[in-house]
Amino acid sequence: MSSNSEALVVEWLASQRQSMIDLLRDVVNIDSGSYDKAGVDAVGERFQQHFVEHDIETWREPNDVYGDAVHAVVAKPGSNEKPVLLLGHRDTVFPKGEVAKRPFTIKDNKAYGPGVADMKAGVVINVFVAAALKKFDAAPHPIKVLITGDEEIASRASRPIIEREGRAARAVYNSEPGRPSGNVVTGRKGGVFMRFEVFGKAAHSGNNFAVGVSAIGELAHKIVQIHALTNMDKGITLNVGLISGGQSVNTTAPYASGEIDFRYVEPADRAVIMGAIETIIATSTVPGTTAKLHVDGEFLPLVQDAAAKAMFQTYQAAAVDSGLTTLDGEFAGGCADSGFTASMGTATLCGLGPVGGNVHTDLEWLDIDSIVPRAQTLARAILRSEVS
Ligand SMILES: [Zn+2]
């Protein structure tokens, strides 16, 4: 790279502020909840239109149930160098009809709308950085862009694609929203999302109490035991956040179920706690009950290795040169796709998107003045990444 091409790239990105806001408005104004394949695919098409306009090769990897994975690449013909991967998701947690209620708006330099921060703005900077590197033929390595459509439901369809692309990459930049502090994310918890079912026996609780077996009674024991696995010092948390069960107030409960959210920091703690949960599910306190455990979804932790630390230092210096002088790395309890690529052994940084907050709520906001400097920082960091 020459410092000349860096100057051209960051100047061009500054000139694209309104174009980035316009693209953001277009994609926010399309409902794209994770289960809304048509909506998620429509957002994907809008991003593909951007790639086509910037002469960037793009294709889709189809999925029957969830949004197709959208791919794009900026590379010299025939290059077999390991690429840099720019990662992001375009699904949101919001139901169909949310856009009609609160379409994209800007007020006092903040943008609002479903998914505006998490993470449509991040995908917008990814695709504009790719366009800038293409325009000035400045990419030091091939640049791959991956835009998935099911992150908010634990990437149940995209995980193998993310792992495949992550394993093949030299480095992964994930533009989940920047922290409200302006910091990026250098570590994340892993998470396992589970359901358990308890089976008892129904009986009239007045006439036949002795022959009944209460699944709710057993569920209560299991909840207390599962919660007791929490270890705040180690960052291990267990939360049974949903329960249901029973038939009527005067029947011993034949059935009960609960949903468990398990988070951890150290990869080794996963097996220990999962083993303990399996034992709790398999062991009954109320005689005659049985139980089953189902794993519904999972994110792996983002752990910072030496390569990711060096990558962060390069990014931080790039941030200073883009006017973001106080930017630092932060640990987040929330999970994201960055954990999958880090677990492939590929250096990964997360939370590189424009700065926002109140994500997953109707108060979600995005600082629009952070769009250009975050795009410039990402471009500078890529241009300065060493050839390895
Ligand atoms: Zn997100």
Side-chain angles (χ1 to χ4, degrees), residues 23-24 27-28 30-36 39-40 43-44 46-47 66-67 69-70 85-95 98-99 104 111-127 145-159 161-163 165-166 172-191 193 261 263 297-302 330-343 348-367 370-371 374-375 378:
L23 176 58
L24 182 60
V27 291
V28 168
I30 302 170
D31 281 315
S32 62
S34 311
Y35 296 101
D36 177 4
V40 174
V43 175
R46 181 64 189 87
F47 282 121
Y66 305 106
V70 170
L85 179 63
L86 307 185
L87 184 59
H89 68 87
R90 64 189 193 276
D91 60 317
T92 75
V93 296
F94 299 104
E98 190 77 10
V99 168
F104 182 87
Y112 300 88
V116 68
D118 186 11
M119 60 171 279
K120 289 178 173 176
V123 179
V124 166
I125 71 163
N126 283 0
V127 304
V145 184
L146 172 60
I147 310 172
T148 65
D150 59 350
E151 192 270 351
E152 299 293 1
I153 50 172
S155 299
R156 51 185 75 164
S158 301
R159 179 176 173 177
I161 299 171
I162 294 162
E163 291 181 336
E165 299 296 329
V172 179
Y173 298 87
N174 192 10
S175 294
E176 285 281 356
R179 309 297 286 173
S181 59
N183 288 344
V184 300
V185 177
T186 46
R188 283 190 186 274
K189 285 189 173 183
F193 314 106
D261 173 309
R263 311 255 171 162
E298 171 157 21
F299 280 113
L300 298 177
L302 172 60
E330 232 176 73
F331 187 87
C335 300
D337 288 329
S338 46
F340 294 133
T341 58
S343 299
T348 300
L349 273 181
C350 197
L352 309 183
V355 175
N358 292 336
V359 300
H360 296 199
T361 78
D362 59 1
L363 298 174
E364 179 179 9
W365 58 269
L366 180 88
D367 171 9
S370 70
I371 295 175
R374 300 291 270 213
L378 178 58

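We count ligands from 1, going down the list as the structure has it; atoms in each ligand are counted the same way. Just so you know, residue 1 is the first one in the sequence shown, and it goes up from there.
Take the Zn ion (ligand 1) as the corner point: the lines to NE2 of H89 and to OD1 of D118 open at 110°, to the nearest 10 degrees.
Residues Y173 and L378 are in side-chain contact: their nearest non-hydrogen atoms beyond the backbone lie under 4.5 Å apart.
Distances from the Zn ion (ligand 1) to each N, O or S atom of E176 single out OE1 as the nearest.
For D36 (side chain) and G39 (main-chain N/O), a donor-acceptor pair under 3.5 Å exists by modelled atom type.
Here A342 pairs with L302, T348 under the side chain to side chain contact (heavy atoms under 4.5 Å, CB included) rule; sequence neighbours left out.
Residue pairs meeting the salt bridge (Lys or Arg N to Asp or Glu O under 4.0 Å) criterion with at least one member in residues 177-190, sequence neighbours excluded, are R179-E330.
Under 2.8 Å from the Zn ion (ligand 1) lies no N/O/S atom of E151, from backbone or side chain alike.
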